[in-house]
2 protein chains.
Amino acid sequence: MTTHVIKQMEAGLSTPDTTPDKGISPDAKGAHETPERISEAEHAVMEVLWDGGTASAAQVCDAVGEERGWSLATVKTLLSRLVQKQAVATTPDGRRFLYSPMMERADYVGGESRRLVDRLFGGRAASLVAHLAQSEALTEDDLSEIADLLKDLKS
Amino acid sequence: MTTHVIKQMEAGLSTPDTTPDKGISPDAKGAHETPERISEAEHAVMEVLWDGGTASAAQVCDAVGEERGWSLATVKTLLSRLVQKQAVATTPDGRRFLYSPMMERADYVGGESRRLVDRLFGGRAASLVAHLAQSEALTEDDLSEIADLLKDLKS
DNA sequence: GAGCAATATTTACAAATGTAGTCGTTATGA
DNA sequence: TCATAACGACTACATTTGTAAATATTGCTC
């Protein structure tokens, strides 16, 4: 019976050769719980995937290794955690996996931004902008850029 | 020798009655390491202190207890961690302590904002604003507010 | 003066996170 | 064919975080 395969899927990774049973949808066991939080290290991996679209563990490791000095083992751990969290999907490719992002970068960025705004500015995004403007965080150029941007949005 | 006292200070808390030895400056053992990170729960406590200026553990607990349902024990743990991190100072008051913030709220907010902008927008704050503007995050009112704000800053 | 209530200090413990090592399998090149 | 390198899976382990209980001390009330 299929219990074996299911257990493997729950674990987030299955060996690519053992009958890649695609019969079970990735969220079969209840997927709409609040999308699990992606940690900072995991986010670094996501950036690589968002950038390249799809990559093997080794490729991710190369890409991310320039910044942080992570070992391949570390990258693999992060990838499998991301798979568990259903932020990344795997497709078998020969004896290895290719990893691709399930989550849109814009959604992640939006979520994180919102969290910050909620936590620090009582949910008022304008306050954040005000803060950025008042602290050194925005240069004259930034200000112009934003002004232009607003002009556009005002149609 | 003084090792005993020093150990107590390192632990972040000393009993208020045992000769509150103010001889050793709070950062005697090297304080300029990157200011230790304040966690989310700790931040909730900081908000209370920023709001009230100074408070006893019980007061903090009352204040914060409305949102989160924390026990006094929990609040005390968080307070002592904040003291360790030198984000909060204690002054003996009778048999208890009064806790007051050492860090400016603006600095914390600025730091967190910057971290986000660095991590998610390659350090370009304008990109964050752009993102907020394009996602649902900014209402028409927000946009006007920001526009006004920019007008002011442009002098 | 004895007990109680309020305090601070210590200890606890599970979950998440950062960082990696080990094990088992298998494609591959000599 | 046999060793080896490449992979994924599993295990590991310290640290941080969230959440709190246990313990010790002590001023205050009866």
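A quick note: this is a predicted structure, and the numbers were derived from the prediction, not measured. Computation of the quantities below employed the complete heavy-atom set of this structure, encompassing side-chain atoms and omitting hydrogens, waters and symmetry-equivalent molecules. Throughout, protein chains are lettered first and strands after them, A, B, ... in sequence-line order, and every chain is numbered starting at 1.
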If I take atom [atom1] in residue [X] and atom [atom2] in nucleotide [N], what distance separates them, rounded to the nearest angstrom?
| X | N | atom1 | atom2 | value |
| --- | --- | --- | --- | --- |
| A:Glu40 | C:dT19 | CD | C1' | 15 Å |
| B:Asp93 | D:dT26 | CG | P | 17 Å |
| A:Leu72 | C:dG18 | CG | C1' | 16 Å |
| B:Ile38 | D:dG18 | CD1 | P | 12 Å |
| B:Leu79 | D:dA20 | CG | P | 14 Å |
| B:Arg37 | D:dT15 | CZ | C1' | 15 Å |
| A:Gln84 | D:dC10 | CD | P | 10 Å |
| B:Arg96 | C:dA5 | CZ | C1' | 14 Å |

With respect to the side chain of [X], which nucleotide from [options] is positioned closest?
| X | options | value |
| --- | --- | --- |
| A:Lys76 | D:dG8, D:dT19, C:dG18 | D:dG8 |
| A:Arg95 | D:dT19, C:dA20, D:dC7 | D:dC7 |
| B:Ser39 | C:dA20, D:dT17, C:dG18 | D:dT17 |

Using a 3.5 Å distance criterion without hydrogens, assess whether the side chain of [X] forms a donor-acceptor pair with backbone atoms of [Y].
| X | Y | value |
| --- | --- | --- |
| A:Ser135 | A:His131 | yes |
| B:Trp50 | B:Met103 | yes |
| A:Glu42 | A:Ser39 | yes |

Requested in this report: Between B:Ala73 and B:Lys85, just flag the one whose closest nucleotide in DNA chain D comes earlier from the 5' side.
Outcome: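 Closest to the 5' end, via its nearest nucleotide, is B:Lys85.
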
Requested in this report: Starting from the 5' end of DNA chain C, give me the residue, A:Ser71 or B:Ala57, whose nearest nucleotide shows up first.
Outcome: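 Result: B:Ala57.
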
Report task. Could you check whether B:Thr77 gets within reach of a base, just the sugar-phosphate, or nothing at all, counting any heavy atom under 4.0 Å? Result ->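 Answer is base: heavy atoms of B:Thr77 come under 4.0 Å of a base.
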
Query raised in the report: Only one of B:Arg105, B:Arg37, B:Arg119 clears salt bridge (charged side-chain N to carboxylate O under 4.0 Å, His left out) with B:Glu112; which?
Result: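 The single option meeting the salt bridge (charged side-chain N to carboxylate O under 4.0 Å, His left out) with B:Glu112 is B:Arg37.
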
Query raised in the report: Between A:Asp118 and A:Arg115, is there a salt bridge with N-O shorter than 4.0 Å?
Result: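 Judged by the 4.0 Å cut-off on N to carboxylate O distance, A:Arg115 and A:Asp118 do not form a salt bridge.
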
Query raised in the report: Does B:Thr74 make a side-chain N or O approach to OP1 or OP2 of D:dA20 shorter than 4.0 Å?
Result: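 For D:dA20, OP1 or OP2 has a side-chain N or O of B:Thr74 closer than 4.0 Å.
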
Query raised in the report: C:dT19 base to A:Arg81 side chain: any donor-acceptor pair below 3.5 Å?
Result: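 Under the 3.5 Å cut-off, the side chain and the base do form a donor-acceptor pair.
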
